[in-house]
Amino acid sequence: METKKDLRIIKTEKALYQALLKLLKDKSFEEIKVADICNEAFVNRSTFYAHYNDKYDLLVNFINDLKENLLIAIEQNNYDVNSKAYYLEMIRLILDHLDSEKDIYHSILVNNRSSVIIDILIEVAVKDINKRIEIGNINKGNVPTDIFVKFYLGAVFNVGIEWLSNKDKYSKEEILEYLKELLPDVM
């Protein structure tokens with residue numbers, strides 16, 4: 001039987017997440033102290049430590065929530081992994097996810113250049129592609145699966161970060177059109 005989280009716990013965690021995000025807009029994660037997070041969230045340090053071991057634990061929990069939301073979004077892709085349409089749809093879903101959480105990703109990816117976040121985002125996409133490769137008959141030639149997957153994802157995520165960093169320069173639709181030209185028709 002699934003137990004529901006207490007509303008007070010949910011509110012406290014949300015306040016701590018929001019405080020962390022607000023602080024990340026102006027400071028690097030390394031510069032932020034637990035006291036800063038508590039002051040911003042109007043939470044006592046003892047309350048913070050009742051929920052998290054340290055600021056890294058808070059960040060890991062926050063990132064895991066983002067990861068779950070991204071995984072749910074990516075699983076909406078119904079195209080065959082061996083098609084150009086799959087990668088274009090994945091890019092669209094990722095850009096939609098980045099856009100829906102733009103303040104969060106901008107603070108973490110652009111302001112803090114967090115390679116941990118990039119690794120986690122790539123891990124989510126790699127799991128989806130690997131799962132689909134196992135199910136389907138994928139023509140990747142002699143290329144090992146891990147190289148095949150990383151090649152396409154490297155392009156997808158770097159373009160996503162470029163778009164997030166310079167949203168006034170390119171629209172989401174323009175990015176998708178450029179990638180449609182860049183991705184080969186047969187994969």
Side-chain angles (χ1 to χ4, degrees), residues 14 17-18 20-22 24-26 28-29 59-187:
K14 184 176 181 181
Y17 285 172
Q18 289 174 336
L20 177 62
L21 283 176
K22 186 171 184 196
L24 284 171
K25 289 181 181 179
D26 300 319
S28 72
F29 181 73
L59 183 64
V60 166
N61 278 279
F62 180 72
I63 290 169
N64 283 335
D65 285 351
L66 280 177
K67 183 176 164 180
E68 284 301 313
N69 291 336
L70 178 60
L71 188 57
I72 290 166
I74 287 179
E75 286 177 345
Q76 294 175 22
N77 191 344
N78 294 320
Y79 292 97
D80 180 4
V81 74
N82 203 27
S83 71
K84 181 177 182 175
Y86 169 80
Y87 291 95
L88 290 172
E89 181 65 5
M90 176 186 275
I91 294 162
R92 187 191 65 74
L93 291 168
I94 290 170
L95 292 180
D96 286 348
H97 179 76
L98 291 175
D99 198 28
S100 71
E101 304 288 351
K102 63 182 161 250
D103 290 340
I104 294 170
Y105 285 108
H106 197 274
S107 293
I108 295 172
L109 291 174
V110 179
N111 294 352
N112 282 280
R113 299 271 182 209
S114 176
S115 64
V116 172
I117 297 288
I118 294 168
D119 291 345
I120 287 170
L121 294 174
I122 289 175
E123 176 192 334
V124 169
V126 165
K127 280 183 182 178
D128 185 67
I129 294 172
N130 281 331
K131 179 175 71 176
R132 292 168 192 256
I133 286 174
E134 286 176 18
I135 294 169
N137 183 16
I138 306 306
N139 179 13
K140 51 186 180 49
N142 295 325
V143 179
T145 301
D146 58 333
I147 299 297
F148 178 84
V149 170
K150 296 282 173 108
F151 175 79
Y152 285 104
L153 286 181
V156 168
F157 280 103
N158 282 313
V159 169
I161 291 170
E162 176 65 23
W163 173 74
L164 192 61
S165 300
N166 300 295
K167 285 189 74 167
D168 295 335
K169 192 172 182 180
Y170 305 106
S171 71
K172 187 174 13 176
E173 293 74 24
E174 286 175 312
I175 293 292
L176 290 170
E177 284 300 315
Y178 297 146
L179 289 170
K180 195 181 289 185
E181 284 185 44
L182 290 170
L183 287 172
D185 287 326
V186 178
M187 294 197 186

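- Side chains of E68 and N64: a donor-acceptor N/O pair is absent below 3.5 angstrom, by distance only.
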(message) side-chain contact (heavy atoms from CB on, under 4.5 Å), that's the test. Do I175 and L179 meet it? Break it down for me.
(response) CA-CA 6 Å; I175 293 292; L179 289 170; 3.9 Å; yes
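- With rounding to the nearest 0.5 angstrom, the NZ atom of K169 is 6.0 Å from the CD atom of E162.
- One finds the CH2 atom of W163 at 11.0 Å from the CG atom of D168 (value rounded to the nearest 0.5 Å).
- Not counting sequence neighbours, the partners of K22 by the side chain to side chain donor-acceptor pair (under 3.5 Å) test are E40.
- Side-chain contact between K180 and L176: absent, with no pair of heavy atoms (C-beta onward) separated by less than 4.5 Å.
- One finds the CG atom of N77 at 9.5 Å from the CG atom of L88 (value rounded to the nearest 0.5 Å).
- If you take CD on Q76 and CZ on R92, they are separated by 8.0 Å, rounding to the nearest 0.5 Å.
- Distance check, rounded to the nearest 0.5 Å: NZ of K172 to CG of D99 gives 4.5 Å.
- Here the straight-line distance linking atom CD1 of I91 with atom CD1 of I74 works out to 11.0 Å at 0.5 Å rounding.
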